[in-house]
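First comes the structure, then the notes that go with it.
Predicted, not measured: the structure shown is a model, and the values here were computed from it.
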Amino acid sequence: MNRWTKALAVVAAASMLVPLSACGGDSDAGKTKLSFFANNTQTTYQKVIDEFEKQNPDIVIDFSTTTGAQSGYQQTLQTRVSGGQLADVYMVPPEALSDLVKSGMVKDLTDEPFMEKIGESNKNAYSVDGKVYGMAISAYATVMAYNKDLLAQVGYDEIPATWDEFLDMCQKLQDAGITPYLEAKDRLGVPVESWLGYDSAQAGESLDAKIDDGSATFEEVYGPYFEEWYKIIDEGLMSSDVAGISPDQTLSEFTSGRLAVMPSGPWYIADYENAKLNYGFGMIPMLNEGDTPYAPGYPDPAFGINAKISGKELEAAEKFLTFLTSEEGLKAYQEGTGLIPNVEGYTASVDEAYQSDYDLYIATGNVYLNSAHWTKGATALRNEIYTQLQQVATGSITPTEAAANLDTKFETLS
């Protein structure tokens, strides 16, 4: 299960809107109403809402959300933009940034005082042509969770640093009758984004941005990475059954003590603790010894302001974002959402088990999200990657063919 469906899941059909006023009745008379559209439930944001309204008694937040997964939020966001019903403050997914800027519906936040606490990696993630349009106050990184007891049986106390070494460990686990590693069907190819992140940093530009502007192709860029990833299936170290394994099934195998390693993050800590596992978190193996570690991840969806509002609504929106960068706001945000703030001057509470990976990836900004660099059809294209790798896993197509098929899909998007 990915971090959104676990830590930020919402329910039911994607097209429905659920308006949920934070406060109601005559007590709101005369107050400025600030509409806030989020990709999560009101329960998740209630601590933030309550504390903000306590500090700003002249403002009431009119909260709404959408039912469905993260993709459902993006679809409804597009509908609200085209229908002229966009909230005063709303969450900006990285995949939607380019379209929101083109439509003129997201305010330029570059010179706003509340942006002074936002780190450069978070600013860059929500920048277009040198201007910042979203305020991201947290980030995530997918890492490897491992069963310490199972790894100890084959002589390991941590995840190896390189992919080939990781495959060697998986072979030893399998020889000992232990299932080495599983990925979920809709998150196949986890290490690929890590490798893309490092090589993009070395190149000084995103390799996915080069695909996006036509100076490179998926076949050229992704083909070799897919070939490397396929080794774990070709060598029989990860079952081709992953083409049909759900995130919940992967989690179940791990919490039952039958699986040695799975992609994960702090959003699963409660599950591991409840299962009384002796677990740890480790790095994503890189392709070559000495490569700087990168992880699949990104600054979380950012807070944006509707560029069309003015007057008291705009003033209230700016107060809300200012509050979100304060000690009280960040504390309420972390307690409510479970996400880890990475705002300058604020010391986040990080679970001890995840601390080293937080320092390795989130604190350094060494995270990478391929779809953040595509300006068209990002959600559809990302889903296509999983579809293609499912076929690679079952032997229907080769890794190179999967990469070439992404080019074909890319040409159909607008």
Side-chain angles (χ1 to χ4, degrees), residues 94-95 97-98 101 119-134 136 139-143 161-166 187-231 263 283-299 342 357 359-378 381-382 384-386 388-389 392 399-411 413:
E95 296 89 349
L97 177 64
S98 179
V101 172
E120 289 304 311
S121 61
N122 283 21
K123 288 180 181 178
N124 292 339
Y126 289 93
S127 294
V128 175
D129 296 331
K131 296 182 179 180
V132 188
Y133 293 93
Y140 77 96
T142 297
V143 298
T162 69
W163 185 237
D164 284 342
E165 290 170 338
F166 181 75
R187 288 297 176 268
L188 294 177
V190 168
V192 169
E193 271 185 295
S194 301
W195 306 336
L196 278 163
Y198 172 72
D199 286 345
S200 292
Q202 293 300 106
E205 61 179 323
S206 164
L207 299 182
D208 283 283
K210 294 183 67 175
I211 295 172
D212 190 69
D213 68 19
S215 59
T217 67
F218 278 102
E219 185 173 2
E220 293 167 346
V221 175
Y222 277 63
Y225 296 132
F226 284 176
E227 291 284 355
E228 284 290 337
W229 173 81
Y230 179 63
K231 286 180 180 178
M283 65 182 291
I284 303 288
M286 301 302 290
L287 279 178
N288 303 298
E289 185 176 356
D291 287 357
T292 301
Y294 270 74
Y298 208 64
N342 60 338
D357 288 287
D359 294 339
L360 184 64
Y361 297 120
I362 296 177
T364 61
N366 288 349
V367 293
Y368 187 83
L369 177 67
N370 53 9
S371 57
H373 304 281
W374 305 329
T375 59
K376 61 179 184 178
L381 197 54
R382 191 167 172 86
E384 187 66 20
I385 288 178
Y386 307 135
Q388 292 299 321
L389 289 184
V392 171
T400 301
E401 288 172 336
N405 290 342
L406 291 175
D407 286 314
T408 301
K409 177 69 174 182
F410 188 59
E411 293 173 0
L413 301 173

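- Sorted by first and then second residue, the pairs that involve residues 211-229 and meet salt bridge (charged side-chain N to carboxylate O under 4.0 Å, His left out), not counting sequence neighbours, are Glu228-Lys231.
- Within a 6.0 Å radius of NZ in Lys131, no more than 12 heavy atoms belonging to other residues, nucleotides or ligands are found.
- Judged as a salt bridge (Lys or Arg N to Asp or Glu O under 4.0 Å), and not counting sequence neighbours, Lys210 has no contacts.
- Note: Asp199 CG to Ser206 OG = 11.0 Å, rounded to the nearest 0.5 Å.
- Note that the OG1 atom of Thr217 and the CG atom of Asp407 stand 4.5 Å from one another [nearest 0.5 Å].
- From Glu95, atom CD reaches atom OG1 of Thr375 across 12.5 Å, with rounding to the nearest 0.5 Å.
- Annotation for Val392 and Ala402: closest pair CG2-CB, 3.5 Å, computed over non-hydrogen atoms.
- With sequence neighbours excluded, no residue forms a ring pair (Phe, Tyr, Trp, His ring centres under 6.0 Å) with Trp229.
- Applying the salt bridge (Lys or Arg N to Asp or Glu O under 4.0 Å) criterion to Glu411, with sequence neighbours excluded, gives no partner residue.
- Nearest heavy-atom pair across Ile211 and Phe410 is O-CE2, 3.7 Å.
- Across every non-hydrogen atom of Phe218 and Leu406, the tightest pair is CG-CB, 3.6 Å.
- Residues satisfying the side chain to side chain donor-acceptor pair (under 3.5 Å) test with Glu193, not counting sequence neighbours, are Arg382.
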Please test Trp195 against Met286 for side-chain contact (heavy atoms from CB on, under 4.5 Å), starting from the C-alpha separation and ending with a verdict.
-> CA-CA 6 Å; Trp195 306 336; Met286 301 302 290; 4.3 Å; yes

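- Every residue two or more places apart in sequence or in another chain that forms a side chain to side chain donor-acceptor pair (under 3.5 Å) with Asp208 is listed here: Tyr222, Tyr368, Trp374.
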Counting only pairs under 3.5 Å, give me each side-chain donor-acceptor contact of residues 287-299, with atom names and distances, residues two or more places apart or in other chains.
unit_1 : atom_1 : unit_2 : atom_2 : d
Asp291 : OD2    : Asn288 : N      : 3.1
Tyr294 : OH     : Asn366 : OD1    : 3.4
Tyr298 : OH     : Ala125 : O      : 3.2

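- Looking at every heavy atom in both residues, Val367 comes nearest to Ala141 through CG1-CB, 3.8 Å.
- For Gln202, there are no side chain to side chain donor-acceptor pair (under 3.5 Å) partners, not counting sequence neighbours.
- Taking all atoms of both residues into account, the shortest heavy-atom contact from Val190 to Thr142 is CG1-CG2, 4.4 Å.
- Nearest heavy-atom pair across Val221 and Ala216 is CG2-CB, 4.0 Å.
- Every residue two or more places apart in sequence or in another chain was checked for a side chain to side chain donor-acceptor pair (under 3.5 Å) with Ser200, and none qualifies.
- If you take CZ on Phe226 and CD1 on Ile385, they are separated by 5.5 Å, rounding to the nearest 0.5 Å.
- Residues passing the side chain to side chain contact (heavy atoms under 4.5 Å, CB included) test with Ala161, sequence neighbours excluded: Glu165, Met283.
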